[in-house]
Amino acid sequence: YIFADIFTEVYGYRVSRRIVWTGFAAVVIASVTTYLYSIVPPSSSYTDNEAFSLIFKMSPLIAFATIAGFFGGEMANSFVLAKMKIFTKGSSMWARLIGSTAVGQFVDNALFFGVAFLAAGAFKLDELPQLILNTAIFATAWEVLVLPITYRVIKFIKHAEGLDTYDHGTRFNPFSWK
């Protein structure tokens, strides 16, 4: 989310949306590749073939959960950041970065854990809210810790690129290419 914050803060939601779609494609390619490992004939000398196969056969479910979480979380993060930048007229960057990360992490973790662990039976429904909340808090705390570095990177890129994009008139539809 730190990179998404930097991209959205400097280049805007439209560019971040394209980056998310590129990441989405990379996750799909990695998932298909990983799943192929589970259907390759096993080695006769390897003694843990069943465990190996079991883990890699879960790849499509984990990939779907990852894609859902990544897509939903990144889009929510970028949307909140871009809208807050307009609303605050560019002030209070700390609030934009932390607030957008908190929202993005909550969406990401709710989707990922909801799909991956509930479908796999690894957690019960009543355990999920605490897991989602703890993970989102941890990730947001990390955002707070690296905020001074993020500020410097954003300032450097804005200066080097001569950009400070505000998303006035941007279509916030995640499926739009404009």
Side-chain angles (χ1 to χ4, degrees), residues 1-41 52-86 96-123 128 131-132 135-136 138-140 142-143 146 149-150 153-154 156-158 160-161 163-178:
Y1 287 83
I2 294 167
F3 288 110
D5 288 348
I6 293 167
F7 296 138
T8 305
E9 180 66 29
V10 177
Y11 301 105
Y13 179 85
R14 186 179 50 81
V15 171
S16 289
R17 178 177 47 214
R18 287 192 175 147
I19 292 168
V20 169
W21 278 104
T22 302
F24 177 82
V27 170
V28 169
I29 291 167
S31 172
V32 168
T33 303
T34 303
Y35 179 72
L36 291 175
Y37 291 144
S38 73
I39 60 175
V40 171
F52 182 85
S53 181
L54 175 67
I55 290 168
F56 283 108
K57 282 188 178 168
M58 291 297 295
S59 176
L61 174 63
I62 298 301
F64 179 72
T66 300
I67 288 167
F70 174 78
F71 186 78
E74 288 286 350
M75 287 299 173
N77 179 66
S78 294
F79 175 82
V80 169
L81 181 64
K83 288 294 192 175
M84 284 181 73
K85 186 172 183 178
I86 293 168
R96 294 194 310 268
L97 297 175
I98 294 169
S100 65
T101 295
V103 170
Q105 284 293 337
F106 183 80
V107 170
D108 184 326
N109 288 296
L111 289 169
F112 176 78
F113 290 129
V115 171
F117 292 136
L118 280 180
F123 287 98
L128 219 52
L131 178 65
I132 293 165
T135 308
F138 176 80
T140 304
W142 178 249
E143 172 84 39
V146 299
I149 297 168
T150 306
V153 170
I154 288 171
F156 175 81
I157 295 172
K158 282 182 176 181
E161 297 280 335
L163 286 174
D164 189 9
T165 304
Y166 286 76
D167 283 294
H168 296 289
T170 298
R171 296 174 72 189
F172 285 94
N173 178 347
F175 301 102
S176 174
W177 287 101
K178 295 182 180 182

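Quick note: numbers below take in every heavy atom, side chains included, and nothing from hydrogens, waters or symmetry partners. Quick caveat: nothing in here was measured; it's all calculated off a predicted structure.
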Notebook entry, point to check: How many angstroms lie between OG1 in Thr66 and CG in Leu61, if you round to the nearest 0.5 Å?
Noted result: 9.0 Å
Next item on the list: Write down the atom of Tyr13, the atom of Ala82, and the distance for their closest heavy-atom approach.
Entry: CB-CB, 4.1 Å
Notebook entry, point to check: Who passes ring pair (Phe, Tyr, Trp, His ring centres under 6.0 Å) against Phe79, sequence neighbours left out?
Noted result: Phe172
Margin query: Around atom CZ of Phe138, are there more than 12 heavy atoms from other residues, nucleotides or ligands closer than 6.0 Å?
Written below: no
Checklist line | Nearest-0.5 Å distance, OG1 of residue Thr101 to CH2 of residue Trp142 | finding: 13.0 Å
Margin query: Determine whether a donor-acceptor pair (N or O, by modelled atom type, separation under 3.5 Å) exists between the side chain of Arg14 and the backbone of Asp167.
Written below: no
Notebook entry, point to check: Excluding sequence neighbours, so at least two apart, what forms salt bridge (Lys or Arg N to Asp or Glu O under 4.0 Å) with Glu9?
Noted result: Lys85, Arg96, Lys158
Item checked: Value rounded to 0.5 Å, distance of CD1 in Ile2 from CD1 in Ile149 -> 8.5 Å
Notebook entry, point to check: Taking only residues two or more places apart in sequence, or in another chain, which ones meet Phe113 in a ring pair (Phe, Tyr, Trp, His ring centres under 6.0 Å)?
Noted result: Phe117
Margin query: Going by the rule ring pair (Phe, Tyr, Trp, His ring centres under 6.0 Å), which residues pair with Phe24 if we only count those two or more places apart in sequence or in a different chain?
Written below: Trp21
Item checked: Pairing residues for Thr8 by the side-chain hydrogen bond (donor to acceptor under 3.5 Å, both in side chains) criterion, not counting sequence neighbours -> Ser16, Ser78
Check: Residues in side-chain contact (heavy atoms from CB on, under 4.5 Å) with Val20, at least two apart?
Finding: Phe70, Phe71, Glu74, Met75
Item checked: Set of residues satisfying side-chain hydrogen bond (donor to acceptor under 3.5 Å, both in side chains) with respect to Asn77, sequence neighbours excluded -> Asp5, Ser100
Checklist line | Partners meeting side-chain hydrogen bond (donor to acceptor under 3.5 Å, both in side chains) with Asn109 (sequence neighbours left out) | finding: Gln105
Notebook entry, point to check: Who are the side-chain contact (heavy atoms from CB on, under 4.5 Å) partners of Ile157, not counting sequence neighbours?
Noted result: Ile6, Val10, Tyr11, Val153, Glu161
Margin query: My understanding is that only residues two or more places apart in sequence, or in another chain, count here; which of them pass side-chain contact (heavy atoms from CB on, under 4.5 Å) with Leu36?
Written below: Val32, Ile39
Notebook entry, point to check: Which residues satisfy the side-chain contact (heavy atoms from CB on, under 4.5 Å) test with Ala76, sequence neighbours excluded?
Noted result: Val103, Val107
Notebook entry, point to check: Do Thr165 and Thr170 have side-chain heavy atoms sitting under 4.5 Å apart?
Noted result: no
